[in-house]
2 protein chains.
Amino acid sequence: MSLQLSVDRSSPVPLYFQLSQQLEAAIECGTLTPGSLLGNEIDLAARLGLSRPTVRQAIQSLVDKGLLVRRRGVGTQVVHSQVKRPLELSSLYDDLEAAGQCPATRVLGNTLVPASAEVAAALDVPEGSEVHRVERLRLAHGEPMAYLCNYLPTGLLDLETERLEATGLYRLMRAAGITLHSARQSVGARAATPAEGERFGESEGAPLLTMQRTTFDDTGRAVEFGTHTYRASRYSFEFQLLVRP
Amino acid sequence: MSLQLSVDRSSPVPLYFQLSQQLEAAIECGTLTPGSLLGNEIDLAARLGLSRPTVRQAIQSLVDKGLLVRRRGVGTQVVHSQVKRPLELSSLYDDLEAAGQCPATRVLGNTLVPASAEVAAALDVPEGSEVHRVERLRLAHGEPMAYLCNYLPTGLLDLETERLEATGLYRLMRAAGITLHSARQSVGARAATPAEGERFGESEGAPLLTMQRTTFDDTGRAVEFGTHTYRASRYSFEFQLLVRP
DNA sequence: GTCAATGGATTGTCCGGACAATCGGACTAC
DNA sequence: GTAGTCCGATTGTCCGGACAATCCATTGAC
């Protein structure tokens with residue numbers, strides 16, 4: 001039952017990473033069934049011609065992803081799963097596209113404004129200093145889905161209205177070399193104002209889903225602050241939380 | 001400016017963990033300021049009388065937590081922060097208690113029921129098999145905040161109504177030796193039905209925040225499935241998402 | 001039959017070293 | 001002055017080994 005594992009020492013990709021990828025693929029495609037033991041680390045290392053620390057590093061990365069569980073004195077098992085997917089910093093645009101919803105964006109505003117107290121606090125810039133403000137209406141199949149208002153520090157990337165119409169904000173940021181790391185979110189709900197009702201084609205008082213989010217890059221700097229409003233009848237958040245003990 | 005670091009080799013707590021805790025404390029209390037270098041790993045190891053792998057393990061755990069950033073050829077820096085807090089699988093009870101809201105619970109039902117198709121799929125048990133169903137009303141300062149309906153597999157823990165009134169479900173699960181690992185959540189909003197309006201002391205049509213959650217333990221088994229309804233005027237979700245690149 | 005002691009298996013922790021990859025600044029050439 | 005090159009510093013990867021801690025099943029005692 002020992003699955004096919006091998007490493008290419010001439011490849012520039014790290015050995016532990018080659019191994020973890022092969023193991024992940026085996027789990028994904030069902031070759032390694034949930035609950036099955038992985039075989040002890042020593043033998044595995046010997047079979048592959050690797051050292052134990054390297055094998056452990058590969059296994060550890062999958063444990064961190066939640067795909068494997070280690071039990072001292074027992075061995076390493078594949079989790080009973082359903083959990084497979086890693087949690088992602090969800091992008092509304094990508095979500096809609098993945099769901100085949102034909103997302104589109106109408107840019108309502110793209111200007112420089114002085115930072116309000118709230119925005120300044122979120123982005124950690126002086127109050128009153130200039131920041132980008134982008135207001136967008138996100139459509140799916142031509143129907144309005146959400147109203148997005150985002151603030152960004154200046155100098156990080158150039159926000160062309162044309163590009164904002166074509167894709168999502170996160171893709172633009174990644175393309176600009178910003179590595180997104182984490183985000184603090186606050187999700188709530190409230191009734192639509194008359195203006196919002198009209199904007200979304202719903203009646204006044206219709207339930208709306210609201211989100212405020214501050215996104216940080218890998219150095220811990222705030223790179224985006226946004227206030228979003230979604231039609232509750234058309235959208236809900238799906239996400240996964242991990243516990244770090 | 002080298003800060004005070006030391007390890008106790010006679011302690012049963014792992015050396016790398018002692019070090020990571022001291023570093024985390026130094027970051028938390030501001031001794032290590034955001035953006036400052038940590039000093040190279042070799043010297044750090046020599047100063048502490050540890051090996052480099054041990055020091056690396058300590059640093060790596062903080063990198064995983066998002067407190068440090070490594071840059072090859074540069075060094076290891078403290079992140080520019082605000083992010084400090086680790087993401088937690090939020091417990092409504094703990095959230096309220098931490099906010100000084102005097103949480104209380106009224107158990108409306110605590111019975112065994114046959115699993116519906118939805119519940120069976122979420123918990124990965126046969127449809128129609130018996131599962132626990134717990135219905136609760138969560139109060140803060142005597143005011144109703146949320147209606148919680150949870151399903152749990154049988155045999156995991158004994159759910160005494162008395163205990164459920166005194167604390168949160170997650171605490172009971174942890175106390176029963178279940179190590180929570182991750183959860184899939186879906187958050188939405190809708191208008192209150194007449195019955196819900198009455199239950200919460202709000203009018204019909206008032207916006208409600210809804211959440212469905214399936215929680216998994218460290219072996220990947222589903223240990224809880226719940227449908228919750230919150231008064232949007234009184235509660236919103238705060239959480240943090242991480243990106244795994 | 002029940003409970004406690006023993007032992008094998010496996011992961012957890014730690015060491016010391018070696019070389020490669022990458023970054024940033026200093027230096028040089030033009 | 002500007003661009004390209006070199007070099008030191010630092011982290012990234014990998015090795016091989018040693019012992020401790022823990023789990024599980026078997027064995028043994030009562």
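Naming: A, B, ... by sequence-line order, numbering from 1 per chain.
- With hydrogens and angles left out, the side chain of R72(B) and the base of dG24(C) share no donor-acceptor pair within 3.5 Å.
- Note on R9(A): a side-chain N or O is less than 4.0 Å away from OP1 or OP2 of dC15(D).
- Within 4.0 Å (heavy atoms only), P53(A) reaches at least one base atom of the nucleic acid.
- Side-chain contact between L50(A) and L15(A) is present, with at least one heavy-atom pair separated by less than 4.5 Å.
- E41(A) places no side-chain N or O within 3.5 Å of a backbone atom of V55(A) that could act as its donor or acceptor partner.
- Summarising the geometry, the separation between CG on N40(A) and P on dG12(C) is reported as 12 Å, rounded to the nearest angstrom.
- Distance CG (L48(A)) to P (dT13(D)): 18 Å, rounded to an integer number of Å.
- T154(A) is listed as a side-chain neighbour of L112(A), based on a closest heavy-atom distance under 4.5 Å.
- Straight-line distance from the CD1 atom of I42(B) to the P atom of dG16(C): 12 Å, rounded to whole Å.
- Between dT13(C) and R70(A), no contact under 4.0 Å exists linking OP1 or OP2 to a side-chain N or O.
- Rounded to whole Å, the distance from CZ on R56(A) to P on dT13(D) is 17 Å.
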For nucleotides 24-26 of chain D, list the nitrogen or oxygen atoms of the protein found under 3.5 Å from its nitrogen or oxygen atoms, one pair per line.
none

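- Counting to the nearest Å, the C1' atom of dC14(C) and the CD atom of Q57(A) are 16 Å from each other.
- In this structure, the CZ atom of R52(B) is 11 Å from the P atom of dT13(D), given to the nearest Å.
- Contact annotation: T54(B) does not reach the phosphate of dT13(C) (side-chain N/O to OP1 or OP2, under 4.0 Å).
- Between V63(A) and V69(A), every side-chain heavy-atom pair lies at or beyond the 4.5 Å cut-off.
- For residues 11-26 of chain A, the salt bridge (charged side-chain N to carboxylate O under 4.0 Å, His left out) pairs, not counting sequence neighbours, are E24(A)-K65(A).
- At dT11(C), one or more side-chain N or O atoms of T76(A) fall inside 4.0 Å of OP1 or OP2 (strictly under the cut-off).
- Nearest heavy-atom pair, A115(A) versus E127(A), reported as atom, atom and distance to 0.1 Å: O-CG, 3.7 Å.
- Both D43(B) and F17(A) lie near DNA chain D, and the one whose nearest nucleotide falls closer to the 5' end is D43(B).
- In terms of heavy-atom proximity, V113(B) sits nearest to R133(B) at CG2-CB, 3.9 Å.
- When the side-chain nitrogen and oxygen atoms of Y16(A) are compared with OP1 and OP2 of dC14(D), none of them lie within a distance under 4.0 Å.
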